[in-house]
Amino acid sequence: MAEDSILEIFNRHVKRNGVFKNRDALSPHYIPSNLPYREEQVKELSETVAPILSGRKPENVFIYGKTGTGKTVVTRYVLKRLGEFAKEREIPVNTVYINCRIHNTRSSVFIKIGRELLPDDNFLGLSTAYIYERILGKVREADIRLMVVLDEIDKLKGISETVYALNRANDELEKGSISIIGISNVLTLKDSLDPRTKSTLCQREMIFPPYNAEGLRKILEDRAKEGFREGAVSDGAIALAAAYAARQSGDARYALQLLLRAGDIAEEEGASAVTEEHVEKAKERVEEDIILEMIEALPEQEQILLLAMAKLVLAKKGQKTLGSGEVVITSGEAYEAYSKLARELGKDPVSDRWFREYISELAMYGILNVVQAGKGFRGNTRIIKLLFSPVKIADVLQRVLVA
DNA sequence: CCTCCACAGGAAGCGCAGGAGT
DNA sequence: ACTCCTGCGCTTCCTGTGGAGG
């Protein structure tokens with residue numbers, strides 16, 4: 001790496017004459033000031049939660065729709081507005097947003113609520129029942145109307161117990177209330193709930209349809225206005241990103257990511273505006289992002305396997321000073337590397353038989369490629385290839401597995 | 001040509017967690 | 001609250017395959 005190229009990178013960031021004005025506006029966590037093509041849903045959810053302002057307990061809501069249909073952003077938007085409204089008029093409304101992928105047990109949900117309501121208390125190591133009582137005590141004492149959002153509720157272990165406990169609180173409270181908003185993209189979740197939980201959680205239901213290309217375009221236009229500098233993104237680029245995302249089952253998150261990455265690429269190239277070409281290039285990077293995200297969510301053993309593979313590929317590449325590229329890894333070598341790494345990490349490696357099952361699974365996901373070795377190798381030996389940059393895979397997994 | 005090797009993948013069984021039934 | 005059952009992740013054991021090496 002030449003000194004000059006480093007300077008060039010740093011300089012680009014100093015100049016800050018890039019295409020972005022506010023890059024965060026393209027992030028999936030950003031809550032925009034208006035939500036095109038979701039006016040109906042905003043209205044319906046507002047109607048549902050509004051009774052809280054006159055002291056009545058809102059119905060519980062169950063929201064579902066595919067990824068990138070605006071479930072989370074609509075919910076956060078409405079609750080944000082609700083909170084602001086209530087604060088101005090000094091109505092004791094509290095909202096707690098919980099992502100169940102992170103807080104995936106009943107106790108961790110309660111701890112999260114407890115922390116929100118009683119920020120000075122330390123809830124670690126206390127029993128769930130105690131935390132529950134503390135929450136109830138606070139709600140009663142301050143006459144709080146609490147709204148709990150359980151996002152990705154399908155990831156929550158013990159949905160029934162959690163929902164039941166939160167809902168039961170209302171019977172024990174003479175003042176204050178607790179309502180639940182459940183969000184999921186698993187369409188079959190409702191059927192797998194027991195009838196009691198189902199009727200509690202689904203007092204009201206909302207379905208979010210996917211966006212069409214037109215809707216996606218409007219979303220991107222709005223966000224581009226906030227996120228990019230004036231004229232730094234062409235109409236063609238937006239239309240193309242919208243079209244790709246529409247094909248991706250109307251996923252707005254995908255559309256935004258595409259535009260964000262296109263912007264990154266434009267800045268890297270020192271371009272003054274984002275073009276269709278940038279979007280084209282961004283597609284690959286976004287797909288890579290998605291794969292890396294998926295790898296992060298994989299079971300630990302499969303992550304160890306992939307990390308071992310990535311390290312092996314890198315080691316072999318370094319060793320092979322002579323060109324000819326082609327790094328070949330047989331399943332035997334892979335298993336050896338994997339079991340060694342697993343032991344280093346203090347984990348028991350699985351048997352070679354099960355290792356082969358992992359390999360086929362990862363091949364099915366499209367992360368690995370497996371082919372018959374043929375000449376030069378014995379019997380049915382297969383050679384395994386990583387389909388993605390070993391550097392990036394190693395990078396991500398090193399971080400995940402150490403923690 | 002025969003044996004060995006290095007692996008693929010089927011079959012059976014085991015321990016465990018979670019749900020159904022009582 | 002208890003047993004019973006079932007599915008899942010995994011190990012153990014096994015047979016099959018096809019080139020390597022004598």
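Quick caveat: nothing in here was measured; it's all calculated off a predicted structure. Because only heavy atoms are used, hydrogens play no part in the values below, and waters and symmetry mates are left out as well, while side chains stay in. Convention: sequence-line order gives letters A, B, ...; per-chain numbering from 1.
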*First and last nucleotide of DNA chain B in contact with chain A, 5' to 3', at under 4.0 Å to a heavy atom: what are they?*
B:dC5 to B:dG10
*Close residues, residues 351-364 of chain A, relative to DNA chain B [heavy-atom separation under 4.0 Å]*: A:Arg353, A:Arg356
*Taking atom P of C:dC10 as reference, at what distance in whole Å does atom CD1 of A:Ile304 sit?*
11 Å
*asked:* Please determine whether a side-chain nitrogen of the Lys or Arg among A:Arg140 and A:Glu133 lies less than 4.0 Å from a carboxylate oxygen of the Asp or Glu.
replied: no
*Does the distance from a Lys or Arg side-chain N to an Asp or Glu carboxylate O, for A:Arg356 and A:Asp352, drop under 4.0 Å?*
yes
*Stepwise, does the ring-ring contact (aromatic ring centres under 6.0 Å, His included) test hold for A:Phe208 with A:Tyr64?*
CA-CA 6 Å; A:Phe208 281 49; A:Tyr64 75 91; 9.5 Å; no
*asked:* Looking at A:Glu357 and A:Arg353, is there a salt bridge between them, counting it only when a charged N and a carboxylate O are closer than 4.0 Å?
replied: yes
*Just one of A:Leu79, A:Val148, A:Val78 clears the side-chain contact (heavy atoms from CB on, under 4.5 Å) bar with A:Thr95, so which one?*
A:Leu79
*Can we say A:Glu277 and A:Lys281 salt-bridge, meaning some charged N sits less than 4.0 Å from an Asp/Glu carboxylate O?*
no
*Are side-chain heavy atoms of A:Leu26 and A:Phe228 found at a separation under 4.5 Å?*
yes
*Which of these, A:Val139, A:Leu146, A:Asn94, sits in a side-chain contact (heavy atoms from CB on, under 4.5 Å) with A:Ile113?*
A:Leu146
*Between A:Arg217 and A:Glu221, is there a salt bridge with N-O shorter than 4.0 Å?*
yes
*Under 4.0 Å between a Lys/Arg side-chain N and an Asp/Glu carboxylate O for A:Glu88 and A:Arg81?*
no
*Can you check the A:Glu300 CD to C:dC10 P distance for me, whole Å?*
11 Å
Listed pairs, N/O of protein and of nucleotides 4-7 of chain C, under 3.5 Å:
none

*Find which nucleotide of DNA chain C each of A:Phe377 and A:Asn380 is nearest to by heavy atoms, and output the residue with the more 5' nucleotide.*
A:Asn380
_A:Thr330 side chain near A:Ile384 side chain, heavy-atom distance below 4.5 Å_ = no
*asked:* Output the rounded distance in Å from CG (A:Asp348) to P (C:dT11).
replied: 9 Å
*Tell me: CG of A:Leu305 to C1' of C:dG9, nearest whole Å?*
16 Å
